[in-house]
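Structure first, commentary second.
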Amino acid sequence: MIEVKDLVKKYGDHVAVDHLTFTVEKGQIYGFLGPNGAGKSTTMNIMTGYIGATEGEVLIDGHDILKDAEAAKKCIGYLPEIPPVYPDMTVEEYLRFSAELKGIKKEDREAQIEKVMRMAQVEEVSRRLIKNLSKGYRQRVGLAHAIMGFPPIIILDEPTVGLDPKQIIEIRELIKKLSKDHTIILSSHILSEISEVCDYVMIIAHGKLIASDTTENLTKMMQGQNIYDFKAKGSASQVREALGMVSGIEKMDIKPSGEDGIVEVAVECKNGEDALEKRPDYREEIFYALAHAECPMMASAKYVSLEDIFLELTEEHKKIRPKKQKRRLMARRQNEKDARTDMPVDPEEITTEDEQAENNEEVKDHGSDL
Ligand code: ADP
Ligand code: MG
């Protein structure tokens, strides 16, 4: 339905869209998820022919958005970030203009206008001037324009921005309803927004597509992520029995830790009803169960949510491994020390405990290969 190939958009030296490639299949709801400034609006503006790309290609149902713009644009209804509504027109006048612009046959126009007004819920303000509407209503007028003519593809840039919670629910319902006959792409910087309505999620950061999967798979990916790794003092059977008292545990894996009398434990706990909700936290329960059985916990627990994955994937600076930061810190400390002793040292030669462990692992791996 839509093919985006190697799309690049530069503003001067700034790369807003960085080699984006993806395809969109018919009849699904796609979500562009990414923080502000990620390049969502720029991508949508290119896909809809509002702005040109620096490099790359967009095909809408086989039509190139630049070379075959008219045919391509006919397939798309677009609600841009700032809807281009005319402030001095009434809602009805604007939608009449929109119907004409979209080439809807004269005899069908009134029925079409009525239908989109009903769907976008702007009937009660139909005779008001657009400039006198609240942001929420203006957004809905933009939405009415986007769905006018019911094109096969509907692209909505942050469609719920400026709406109150009730309106948000209504728009979500409308999007779900439209998805029965239309392919929908919507953007948001809010995870729950996307997970609520989309079948497929594309996570965008710094103009790059960094993850793309079905909402179901992303949900599955984090289901079973309510995992706690720790060490506990005691035998495997003692620890197993102690943890048996914690009702939320679904799976446990207990093995020797390498330290005498201490076992390494991984337990997987139940998620909430809605997998995208925050994970229930079992750390306290686990702690007391172990304490009660006199098997003290020897390390802390952790769990990962999709929110964490999202933040980690989208925040570029977090990609700097803690190990690297540690290495830099160690090198700096060493340099400071050396400055005191006047002994120059190559920072590359300094290894942290982590790296030493990693090197040892490598040796072990090679050993098993042989
Ligand atoms: P998003 O919609 O994900 O918030 P945008 O696509 O609006 O992100 O912006 C992506 C990047 O491109 C941002 O860094 C933004 O500042 C920049 N940008 C967007 N439009 C322009 C423009 N017309 N001129 C210069 N830079 C722009
Ligand atoms: Mg935007």
Side-chain angles (χ1 to χ4, degrees), residues 2-24 29-58 60 65-66 69 73 76-85 135-136 138-143 145-147 153-163 167-168 171-172 175 183-198 200-213 215 218 306-307 309-319:
I2 301 179
E3 275 183 89
V4 171
K5 293 182 200 161
D6 230 9
L7 206 63
V8 176
K9 179 71 184 178
K10 288 183 189 160
Y11 290 111
D13 286 342
H14 181 67
V15 184
V17 175
D18 195 356
H19 297 275
L20 268 191
T21 298
F22 59 87
T23 52
V24 164
I29 310 181
Y30 288 79
F32 279 180
L33 176 63
N36 288 327
K40 305 180 296 294
S41 299
T42 307
T43 306
M44 288 179 152
N45 283 335
I46 297 170
M47 287 168 73
T48 50
Y50 264 58
I51 58 171
T54 310
E55 285 169 37
E57 196 180 23
V58 176
I60 311 285
I65 192 69
L66 288 180
K73 282 186 182 176
I76 305 174
Y78 183 34
L79 171 70
E81 197 159 33
I82 302 157
V85 287
K135 185 154 191 257
R138 236 177 271 182
Q139 187 79 353
R140 289 203 260 173
V141 173
L143 188 68
H145 165 73
I147 61 179
I153 302 162
I154 294 172
I155 299 183
L156 310 169
D157 194 357
E158 310 246 8
T160 56
V161 160
L163 304 186
Q167 293 170 332
I168 289 177
I171 295 295
R172 278 184 192 160
I175 291 170
T183 303
I184 297 176
I185 306 174
L186 61 96
S187 71
S188 179
H189 61 283
I190 303 161
L191 172 69
S192 58
E193 182 76 39
I194 295 285
S195 58
E196 184 68 31
V197 287
C198 297
Y200 207 91
V201 187
M202 296 186 234
I203 300 180
I204 298 177
H206 305 286
K208 289 193 178 86
L209 184 67
I210 49 174
S212 125
D213 210 333
T215 312
L218 283 177
L306 182 58
E307 200 102 44
I309 297 169
F310 168 58
L311 288 174
E312 195 171 312
L313 289 173
T314 52
E315 283 181 36
E316 191 65 24
H317 67 273
K318 282 204 176 160
K319 282 189 181 158

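Remember, it's 1-based here, ligands and their atoms both numbered in the order they're listed.
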Would you mind checking which non-hydrogen protein atom is closest to [atom], with the distance to 0.1 Å?
atom: atom 7 (O) of ligand 1; result: S41 CB, 3.7 Å
atom: atom 13 (C) of ligand 1; result: G37 O, 3.7 Å
atom: atom 23 (N) of ligand 1; result: Y11 CE2, 3.5 Å
atom: atom 12 (O) of ligand 1; result: A16 CB, 3.2 Å
atom: atom 16 (O) of ligand 1; result: H14 NE2, 4.8 Å

(message) Test your reading of the structure: does K40 have an N or O sitting under 3.5 Å from an N or O of ligand 1?
(response)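 Yes, at least one N or O pair falls under 3.5 Å.
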(request) Examine T42 against ligand 1 and note whether any of their N/O atoms are separated by less than 3.5 Å. (result)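 Yes, there is a polar N/O contact under 3.5 Å.
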(message) Going by a strict under-4.0 Å cutoff (protein heavy atoms only), does atom 19 (C) of ligand 1 have a neighbour on the protein?
(response)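 Looking at atom 19 (C) of ligand 1, one finds that a protein heavy atom does lie closer than 4.0 Å.
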(message) Within the protein, is there a heavy atom lying under 4.0 Å from atom 26 (N) of ligand 1?
(response)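 Protein heavy atom within 4.0 Å of atom 26 (N) of ligand 1: present.
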Shortest non-hydrogen contact from [X] toward [Y]:
X: L156; Y: I154; answer: CD2-CG2, 3.5 Å
X: L7; Y: E57; answer: CD1-N, 4.0 Å
X: L209; Y: T21; answer: CD2-O, 3.6 Å
X: G52; Y: I46; answer: O-CG1, 4.2 Å
X: Q167; Y: G136; answer: OE1-CA, 4.3 Å
X: V17; Y: G39; answer: CG2-O, 4.0 Å

(request) Quick one: look at H189 and ligand 1, take heavy-atom pairs under 4.0 Å, and tell me if it's side chain, backbone, both or neither. (result)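 H189 to ligand 1: no contact under 4.0 Å from either part.
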(message) Assess the residue pair F22 and Y30 against the criterion (ring pair (Phe, Tyr, Trp, His ring centres under 6.0 Å)); give the C-alpha distance rounded to whole Å, side-chain angles, the decisive distance to 0.1 Å, and a yes or no.
(response) CA-CA 11 Å; F22 59 87; Y30 288 79; 8.1 Å; no
(request) Kindly say whether T48 contributes a backbone atom to a donor-acceptor pair with the side chain of K73 at under 3.5 angstrom? (result)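 No; zero donor-acceptor contacts below 3.5 Å.
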(request) Answer yes or no: is there a donor N or O on one side and an acceptor on the other, between the side chain of T215 and the main chain of C198, under 3.5 Å? (result)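 Yes: the side chain of T215 pairs with the backbone of C198.
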(message) Looking at non-hydrogen atoms alone, which of G34, S188, G39 comes nearest to atom 8 (O) of ligand 1?
(response)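 Checking each option, the heavy atom nearest atom 8 (O) of ligand 1 is found in G39.
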(request) With 2.8 Å as the limit, jot down which protein N, O or S atoms are around the Mg ion (ligand 2). (result)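 Checking every protein N, O and S atom gives S41 OG, E81 OE2.
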(message) Heavy-atom contact check, 4.0 Å cutoff: does P35 meet ligand 1?
(response)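 Yes, P35 has a heavy atom closer than 4.0 Å to ligand 1.
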(request) Go through the side-chain N and O atoms of E3 and T23 and say whether any donor and acceptor fall under 3.5 Å apart. (result)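 T23 and E3 do not have a side-chain donor-acceptor pair below 3.5 Å.
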(message) Go through it in stages, so that I can follow the logic: the residues are K9 and E55, the test is salt bridge (charged side-chain N to carboxylate O under 4.0 Å, His left out), and I'd like the CA-CA distance, side-chain angles, deciding distance and then a yes or no.
(response) CA-CA 7 Å; K9 179 71 184 178; E55 285 169 37; over 6 Å; no
(message) Let's go through I2 and M47 carefully: what are the C-alpha distance in whole Å and the side-chain angles of both, what is the deciding distance for side-chain contact (heavy atoms from CB on, under 4.5 Å) to 0.1 Å, and is it a yes or a no?
(response) CA-CA 9 Å; I2 301 179; M47 287 168 73; 4.0 Å; yes
(request) For N36, counting its heavy atoms only, list the atoms of ligand 1 lying under 4.0 Å from any of them. (result)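 Listed by number with element: 4 (O).
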